[in-house]
There are 2 protein chains.
Amino acid sequence: MQIINVQPETVFQALSDATRLRIMRLLCLTQEEACLCEFVDALQEPQYKLSRHIKVLKQAGLLSAWKDGRWIYHKLVDDTEFLQQLHKTILLLTDTSGVYDTDLQRFNERMTLRESGRCRIGVQNKTLLSETVNKQR
Amino acid sequence: MQIINVQPETVFQALSDATRLRIMRLLCLTQEEACLCEFVDALQEPQYKLSRHIKVLKQAGLLSAWKDGRWIYHKLVDDTEFLQQLHKTILLLTDTSGVYDTDLQRFNERMTLRESGRCRIGVQNKTLLSETVNKQR
DNA sequence: TGCATGGTTGCATGTTAATGCAATTAAATA
DNA sequence: TATTTAATTGCATTAACATGCAACCATGCA
C-alpha cells in the first residue's frame, strides 16, 4: 500500500542527513512508533525541522504513519527483505558522538509520560515550537 | 588504514547517487576489483564522471584502490560488520530499470579482454574519453 | 626524452536541498 | 463557536552537489 516506485538512490538520499539518521536509528532501536512531539523532545530539535525530515523519510518509503486525533504516529516500514536488512545495517552504525545514545535516553524518559500507551501531551521543551505571533486587530 | 572518521551520513550520502550505486552494485555482485576504464565500458558513462564518483565512494570509506602502473584497481572495503551488512543490503535492491543487469553483462564481457587477470587496454568506447585539444604553436 | 594514454581536476553552470521564520491547517475542547 | 495546540508549509537564504568541457598530471614505452 505504501511503496510504489521509490528509486534506490532516493532511499539512501533520505538517509544522507544526520538528523534523519537519528530518527531512523531511534526507531530501529526501540521498534516503537512515535509522534512528532515525542521526537522533538527526544532529539531536541525544532518541530518544523523534524516534521520536514519525517516527510522526506516517508516519501522515501521508510516510514509510515497513522493518525490518532491531533497526534500522528510514525513507524518504520519493514515489509521487504531489503528494508529489514537496511535496519540491521543502521543498527551497526557506530555511535561515535554518542547522539544516538542520548536520543534514546531522552526518548525513553519521554515515553514514561504516555497515558495508556498514547501520547497525551505536546512538546515539553517549548523553545522548540514554532511560535505564532499575536494577531493585532 | 583507510577509514579513520567517516560520519554515518557521509556513507549514505555516497550511496545517494544512481551512478555511484551502479558502481557499488557491480562490485557487490562480482566481488571483483576493476580499473576506471573497465567501469567506463561497463557503465557507458564518461571517464571523468566515473572518476569523480569513485573518488566520492573512496572518501566515504566504501572503496579502496591500488596502483599497477598506469592502471588503478578499485575494490570494496569490507573490513567491518557494518560494511558487510551494507553490501548485503545493496544486493537486495530491486533492479527495476534493469541497469544493474546491463552493467553486469557489459562488465563480464569487458573482463574477457583482460590478460593474465590484468587490464591491458584502455577505454574501448572512445566517445567516453575526455579529449585534449591539439595545441597550436 | 618525447609521445601516447590511464586517470584527475579547475572552472562555470544549473539544480537540489537544509534551515529559520512566521503563518497556516486540522482536530479537540471549553 | 472560539480557542488551543499538534503538525505542516510558503518564502527567503545559503550551501552543497552533479555535470560538461577542456586542460592537466603521471606512468610506461618507443
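Note on naming: letters A, B, ... go to the chains in the order of the sequence lines (proteins, then strands), and numbering restarts at 1 for each one.
- Listed nucleotides: D:dA18, C:dT8, C:dA27. Nearest to the side chain of B:D17: D:dA18.
- Considering only side-chain N and O atoms, A:H53 lies under 4.0 angstrom from the phosphate OP1 or OP2 of C:dT19.
- Regarding B:F12, its CZ atom lies at a distance of 16 Å from the P atom of D:dC17, rounded to whole Å.
- Straight-line distance from the CG atom of B:L50 to the C1' atom of D:dA18: 13 Å, rounded to whole Å.
- Residue pairs meeting the side chain to side chain donor-acceptor pair (under 3.5 Å) criterion with at least one partner in residues 83-98 of chain A, sequence neighbours excluded, are A:T89-B:T89.
- Taking atom CD1 of A:I72 as the reference point, atom P of C:dA28 lies 11 Å away to the nearest angstrom.
- For B:Y48 and C:dG7, the shortest distance from a side-chain N or O to OP1 or OP2 is not below 4.0 Å.
- Smallest separation of non-hydrogen atoms from A:I72 and A:A65: CG2-CB, 3.8 Å.
- As rounded to whole Å, 7 Å separates atom P of C:dG7 from atom NE2 of B:H74.
- Side-chain atoms of B:T30 come within 3.5 Å of backbone atoms of B:L26 as a donor-acceptor pair (strictly under, hydrogens ignored).
- Between B:K49 and A:V123, the residue anchored closer to the 5' end of DNA chain D is A:V123, taking for each the nucleotide with the nearest heavy atom.
- Within 4.0 Å (heavy atoms only), A:R20 reaches sugar-phosphate atoms of the nucleic acid but no base atom.
- When each of D:dA7, C:dA18, D:dT5 is scored by its nearest atom to the side-chain atoms of A:S51, the top-ranked nucleotide is D:dA7.
- A:E45 has a carboxylate O that lies under 4.0 Å from a charged side-chain N of A:R22, or vice versa, which qualifies the two as a salt bridge.
- As rounded to whole Å, 16 Å separates atom P of D:dA22 from atom CG of B:L128.
- Comparing C:dG7, D:dT8, D:dC11 against the side chain of A:K58 picks out D:dT8 as the nearest.
- Taking atom CZ of residue A:R70 and atom C1' of nucleotide D:dT4, one finds them 7 Å apart after rounding to whole Å.
- Contact annotation for A:C35: backbone-only contact, meaning every heavy-atom pair under 4.0 Å involves sugar-phosphate atoms and none involves a base.
- The side chain of B:K55 places an N or O atom within less than 4.0 Å of a non-bridging phosphate oxygen (OP1 or OP2) of C:dT9.
- Across all strands, B:Q13 comes closer than 4.0 Å only to sugar-phosphate atoms, never to a base (heavy-atom distances).
- Between B:R120 atom CZ and C:dG6 atom P there is a gap of 11 Å when expressed in whole angstrom units.
- Salt bridge A:D68/A:R118: present, at least one basic N to carboxylate O contact under 4.0 Å.
- The distance between atom CD of A:E9 and atom P of C:dT16, rounded to the nearest whole Å, is 13 Å.
- Electrostatic pairing of A:E38 and A:R114 counts as a salt bridge here, judged by a charged N lying under 4.0 Å from a carboxylate O.
- Comparing A:K126 and A:R52, the nucleotide of DNA chain D nearest to each residue sits closer to the 5' end for A:K126.
- Closest approach to the B:Q47 side chain among D:dA26, C:dG7, D:dA6 is made by C:dG7 (side chain taken as heavy atoms from C-beta onward).
- The residue among A:V56 and A:K67 whose nearest nucleotide of DNA chain C is located toward the 5' end is A:V56.
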